[in-house]
Protein chains: 2
Amino acid sequence: MTIQRKTIVLEKVLEILQHTQNAISVSQLMDKLETIGIRPNKTTLYRLLEKLVSTTDALSITLKNGISYYELRQKRPHHHHFYCTKCDTVFCLGSCHVHTQKIDLTQLLPSPKFTVEAHDFNLYGVCESCR
Amino acid sequence: MTIQRKTIVLEKVLEILQHTQNAISVSQLMDKLETIGIRPNKTTLYRLLEKLVSTTDALSITLKNGISYYELRQKRPHHHHFYCTKCDTVFCLGSCHVHTQKIDLTQLLPSPKFTVEAHDFNLYGVCESCR
DNA sequence: GTGCAAATGCAAATGAGTTGCAATTAAAAT
DNA sequence: ATTTTAATTGCAACTCATTTGCATTTGCAC
Ligand SMILES: [Mn+2]
Ligand SMILES: [Mn+2]
Ligand SMILES: [Zn+2]
Ligand SMILES: [Zn+2]
């Protein structure tokens with residue numbers, strides 16, 4: 001373990017992740033970087049995001065379109081997402097209802113001997129500006 | 001629209017889908033077909049499943065591993081799934097808590113003007129027999 | 001039997017994501 | 001300041017589920 005090198009790409013990616021309300025995909029990220037004149041190699045970008053996830057600075061969610069979207073953990077506690085099928089934007093939702101409403105997942109299981117390690121919950125539909 | 005042809009593959013696939021408790025992937029389906037001596041072309045299988053889905057006889061769920069799992073609609077009303085990360089089995093869960101507990105999704109949205117068309121909810125963990 | 005749409009098979013393409021490996025580069029050690 | 005070392009980058013090739021094009025086969029209707 002040594003000190004992680006500072007890079008322009010890392011800085012800009014963090015900046016973009018900080019300033020967006022949404023979770024974003026690699027291709028959306030590449031597009032945003034392109035608008036500020038940065039065209040990173042996609043392997044580099046995947047590796048950077050993988051590192052952010054492994055250090056728990058970021059998390060990724062994967063939707064049923066098979067695409068992963070990334071966001072910084074620091075921004076919000078555990079919550080879920082809304083995917084707009086028109087504009088492909090992934091909006092963050094309010095606090096997870098499973099936790100706020102203390103929903104007992106055990107009673108949904110085929111057997112109480114199942115161990116639940118994670119859950120995901122996604123809404124699909126059309127966002128305000130796409131209506 | 002004409003009458004759909006009967007085929008051995010279709011019959012056997014329906015039979016397998018009928019008799020399993022779980023939602024199954026194309027590769028799991030091919031494995032099961034192979035044990036009864038049927039080795040269908042994978043394109044054919046994909047097309048068959050796509051047809052079952054388009055006629056609403058079946059539905060597919062896609063998990064964060066990027067793989068789609070299929071099941072017959074007639075078997076159960078709307079519900080969600082548990083994915084065992086050890087054996088890759090997708091178990092069907094009890095009735096959807098969003099409906100049974102009348103959870104108001106609107107309050108989770110960034111704005112009430114969002115239109116929710118669908119939701120999915122998946123549990124990930126270890127099943128009874130894999131513990 | 002003939003005609004025709006449905007079904008099938010094969011190879012090639014797709015597309016997100018990954019991997020191997022060689023080339024760069026920044027930081028640490030000298 | 002120069003060398004050493006390890007992190008970072010880029011490129012091409014690869015993976016793997018799924019899709020597509022296209023030519024061939026097969027049931028069903030007449
Ligand atoms: Mn979020
Ligand atoms: Mn099910
Ligand atoms: Zn949650
Ligand atoms: Zn539900």
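Here is how names work: the chains are called A, B, and so on, in the same order as the sequence lines, proteins then strands, and each is numbered from 1. Basis for what follows: all heavy atoms, side chains included, without hydrogens, waters or symmetry-related copies. Predicted model only: the values in this text are computed from it and were never measured.
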Rounded to whole Å, please give me the gap between [atom1] in [X] and [atom2] in [N].
| X | N | atom1 | atom2 | answer |
| --- | --- | --- | --- | --- |
| B:Leu48 | C:dT8 | CG | C1' | 12 Å |
| A:Glu50 | C:dA16 | CD | P | 18 Å |
| A:Lys64 | C:dA16 | NZ | P | 19 Å |
| A:Ile61 | C:dA16 | CD1 | C1' | 16 Å |
| A:Gln28 | C:dG15 | CD | C1' | 16 Å |
| B:Asn65 | C:dT18 | CG | C1' | 16 Å |
| B:Asn41 | D:dT24 | CG | P | 16 Å |

Within the pair [X] and [N], is there a side-chain N or O less than 4.0 Å away from OP1 or OP2?
| X | N | answer |
| --- | --- | --- |
| B:Lys42 | C:dT8 | no |
| B:Tyr46 | D:dT19 | no |
| A:Thr44 | D:dG10 | yes |

When you measure only distances, ignoring hydrogens and angles, does the side chain of A:Arg47 come within 3.5 Å of the base of C:dG17 through a donor and an acceptor?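 Per atom types, no contact qualifies.
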Between the base of D:dT9 and the side chain of A:Thr43, is there any donor-acceptor pair under 3.5 Å?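 Such a pair does not exist between side chain and base.
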Need one value for B:Ser68: base, sugar-phosphate or nothing, where a base atom within 4.0 Å counts as base even if backbone is also close, heavy atoms only.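 Sugar-phosphate only.
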Flag for B:Glu71-B:His79: side-chain donor and acceptor within less than 3.5 Å: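 Yes, side-chain donor-acceptor contact under 3.5 Å.
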Check: B:Tyr69/B:Asn22 side-chain N/O donor and acceptor closer than 3.5 Å: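 No, no side-chain donor-acceptor contact under 3.5 Å.
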Is it true that A:His119 and A:His80 have ring centroids separated by less than 6.0 Å?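 Between A:His119 and A:His80, the centre distance is under 6.0 Å.
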Residue among A:Thr106, A:Thr100, A:Leu105 satisfying side-chain contact (heavy atoms from CB on, under 4.5 Å) with A:Ile103: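 Result for side-chain contact (heavy atoms from CB on, under 4.5 Å) with A:Ile103: A:Leu105.
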